[in-house]
Q: 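Can you read through this structure? Questions will come right after.
Each ligand, and each atom within it, is numbered from 1 in the order the structure gives. Every heavy atom of this structure was used, including side-chain atoms; hydrogens, water molecules and symmetry mates were not.
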Amino acid sequence: MPSELFREAAYFFGDLIQSIKQGVFSQKAAEIVRFRYEKTAGRVGGIWDGSLMENPRFREQLLFDKPYKAVMIRAPREAVIQSFGVPELKPGEVLVRVAYAGVCATDLEIFEGRLGYYKSGIAKYPIVPGHEFSGVIVATGARVTEFAENDPVVVECIQGCGECDSCRNEDAIGCASRSEVGVIGRNGGYAEYMITPARFVHRLPPSLTLKHAILCEPLAVVLKGLRRLGWNASNRMLSRSAVVGGGPIGHLAALTISHQGADVAVFDRNPDRLAYLARRGISVEQDLQKIAAFDTIIEATGDAEALDTVLERSRTGATILLLGLPYARRDFSFESIVSYDKTIIGSVGSTAADFDEALRLLPHIDASAFFECIFPFEEFHQAWNIARSGKHLKVVLEING
Ligand SMILES: [Zn+2]
Ligand SMILES: [Zn+2]
């Protein structure tokens with residue numbers, strides 16, 4: 001308790017100084033005193049549900065008493081910056097001030113109306129996109145004890161109900177009532193603030209910056225895929241493995257395998273992407289016909305033609321992990337899978353355990369190639385155009401960096 005009181009005192013003086021800096025000291029001082037008194041009284045007395053319970057929205061309103069901005073995709077091809085009031089937190093939720101958000105192909109598919117979830121009706125407009133983001137906790141709802149103000153965090157994308165059979169088996173992707181941040185039913189990280197249940201939040205290790213932390217979500221996706229290939233902490237060597245596609249997912253897959261000391265080759269047509277990887281000692285190849293030399297193939301393009309070549313050219317006994325989307329409908333005879341003892345594994349999204357693993361691994365990976373193109377988030381349309389051009393490995397939006 002003394003350390004909590006000390007922290008409350010530090011926030012109290014911090015808020016007063018902030019109000020002086022913003023020139024609102026005379027209007028806000030009394031409110032700041034009252035808020036901090038109520039919060040401290042609540043902590044000391046344990047009066048979580050009584051009249052002195054803190055209003056988590058209150059502190060934000062004290063100093064940031066203005067609407068916040070977010071990119072709202074209202075309908076296909078209709079995205080605008082929209083203002084929101086700082087929202088009321090439900091018990092168990094936290095308010096995150098977003099620092100950086102990565103632009104993902106999924107964001108563009110939502111904007112362009114091409115994402116399967118929107119076609120099938122699982123997801124609906126309007127939505128604030130962004131599932132690859134980092135930020136800082138600025139307020140916690142009642143009954144949130146594991147996080148505090150100023151904690152730097154990332155947030156899981158796939159958020160299961162927590163109660164159905166799938167969720168109990170840690171398989172949130174099978175949860176019919178799941179949300180996916182920035183995709184299905186929960187507004188994402190293209191915003192100054194976002195709200196999430198605290199149970200999907202992960203604190204950053206001290207060695208990881210908020211900027212690099214945006215790679216946590218795509219790295220977790222890679223780690224789940226590798227796990228489904230039978231790759232685990234004690235058995236990390238994949239025999240003769242190749243990654244098809246040197247985009248963000250393929251790049252992270254190659255860096256991860258190589259970080260563990262295993263050989264990996266990356267196939268891509270884009271010489272710039274290959275050059276990045278070659279500089280990190282990873283073998284690179286442009287001719288996909290040469291895929292026949294590999295036992296384990298990680299397909300990360302989502303491209304139907306590349307998949308055709310992989311299925312046809314891969315050797316007897318090959319295992320093929322599909323990490324891309326959408327592949328499209330193809331005519332394909334599965335006889336060749338049966339006749340050549342091949343294995344095909346699909347994988348999508350990630351779990352809490354994959355996020356934890358990604359947070360451990362990320363500080364050890366040289367991800368500098370991902371941060372060559374950073375836009376202020378108001379220029380999201382331009383950022384999307386650059387992302388579409390494929391010139392950069394990742395386009396990043398800086399929000400409260
Ligand atoms: Zn993504
Ligand atoms: Zn569920």
Side-chain angles (χ1 to χ4, degrees), residues 71 73 92 98 100-112 114-118 122-123 127-135 154-191 194 196-197 199-200 202 211-225 245-253 256 298 300-302 322-326 346-352 354-355 358 362 367 370-371 373 377 380 383-384 386-388 390 392-397:
V71 173
I73 303 179
V98 180
Y100 294 92
V103 173
C104 178
T106 305
D107 311 339
L108 298 172
E109 285 168 24
I110 297 172
F111 174 65
E112 288 157 9
R114 291 188 287 116
L115 194 72
Y117 287 150
Y118 284 79
I122 292 175
I127 184 99
V128 175
H131 56 276
E132 303 177 5
F133 63 94
S134 61
V154 287
V155 178
E156 284 172 56
C157 172
I158 299 173
Q159 305 195 337
C161 72
E163 282 156 25
C164 69
D165 281 350
S166 293
C167 285
R168 273 198 291 268
N169 289 322
E170 289 180 26
D171 170 30
I173 199 74
C175 173
S177 42
R178 73 186 183 281
S179 307
E180 294 189 16
V181 176
V183 184
I184 306 172
R186 180 170 292 282
N187 285 333
Y190 281 41
M194 67 82 62
T196 175
R199 65 195 173 97
F200 301 110
H202 298 252
K211 192 158 82 177
H212 278 72
I214 64 159
L215 294 178
C216 194
E217 195 277 339
L219 182 58
V221 168
V222 165
L223 292 171
K224 178 182 168 188
I249 293 286
H251 193 108
L252 287 171
T256 302
I298 297 159
T301 66
L322 306 185
L323 275 184
L325 281 171
S347 184
V348 71
S350 58
T351 65
D354 301 315
F355 259 74
L362 206 44
F370 286 84
F371 299 100
C373 186
F377 102 114
F380 69 96
W384 282 353
I386 299 283
R388 258 184 224 106
H392 295 275
L393 193 53
K394 181 64 75 184
V395 177
V396 178
L397 300 174

Q: Check the orientation of H212 and F371. Use parallel for under 30°, tilted for 30 to 60°, and perpendicular for over 60°.
A: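 Tilted, since the angle between the ring planes falls between 30° and 60°.
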
Q: For the atoms SG of C104 and NE2 of H131, give the angle they form at the Zn ion (ligand 1), rounded to 10 degrees.
A: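 Rounded to 10°, it measures 110°.
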
Q: Identify, by name, the N, O or S atom of E132 lying closest to the Zn ion (ligand 1).
A: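 The atom in question is OE2.
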
Q: Is there side-chain contact between F133 and L397, with at least one heavy-atom pair below 4.5 Å?
A: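 Sidechains of L397 and F133: no contact.
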
Q: Among D107, I158, V155, whose side chain to side chain contact (heavy atoms under 4.5 Å, CB included) with H131 holds?
A: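 Passing option: D107.
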
Q: About how large, to 10 degrees, is the angle SG of C167, then the Zn ion (ligand 2), then SG of C175?
A: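 Output for this angle: 100°, rounded to tens.
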
Q: Would you give the angle at the Zn ion (ligand 2) between C161 atom SG and C164 atom SG, to the nearest 10°?
A: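 About 110°, to the nearest ten degrees.
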
Q: Are V396 and V103 close enough that some pair of their side-chain heavy atoms sits under 4.5 Å apart?
A: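 No - every pair of side-chain heavy atoms lies 4.5 Å or more apart.
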
Q: Inspect the surroundings of CD in E112 and state if more than 12 heavy atoms from other residues, nucleotides or ligands are less than 6.0 Å away.
A: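 Result for CD/E112: enclosed.
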
Q: Taking N, O or S atoms only and a limit of 2.8 Å, check whether C157 reaches the Zn ion (ligand 1).
A: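 Within the cut-off used here (under 2.8 Å), C157 places no N, O or S atom near the Zn ion (ligand 1).
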
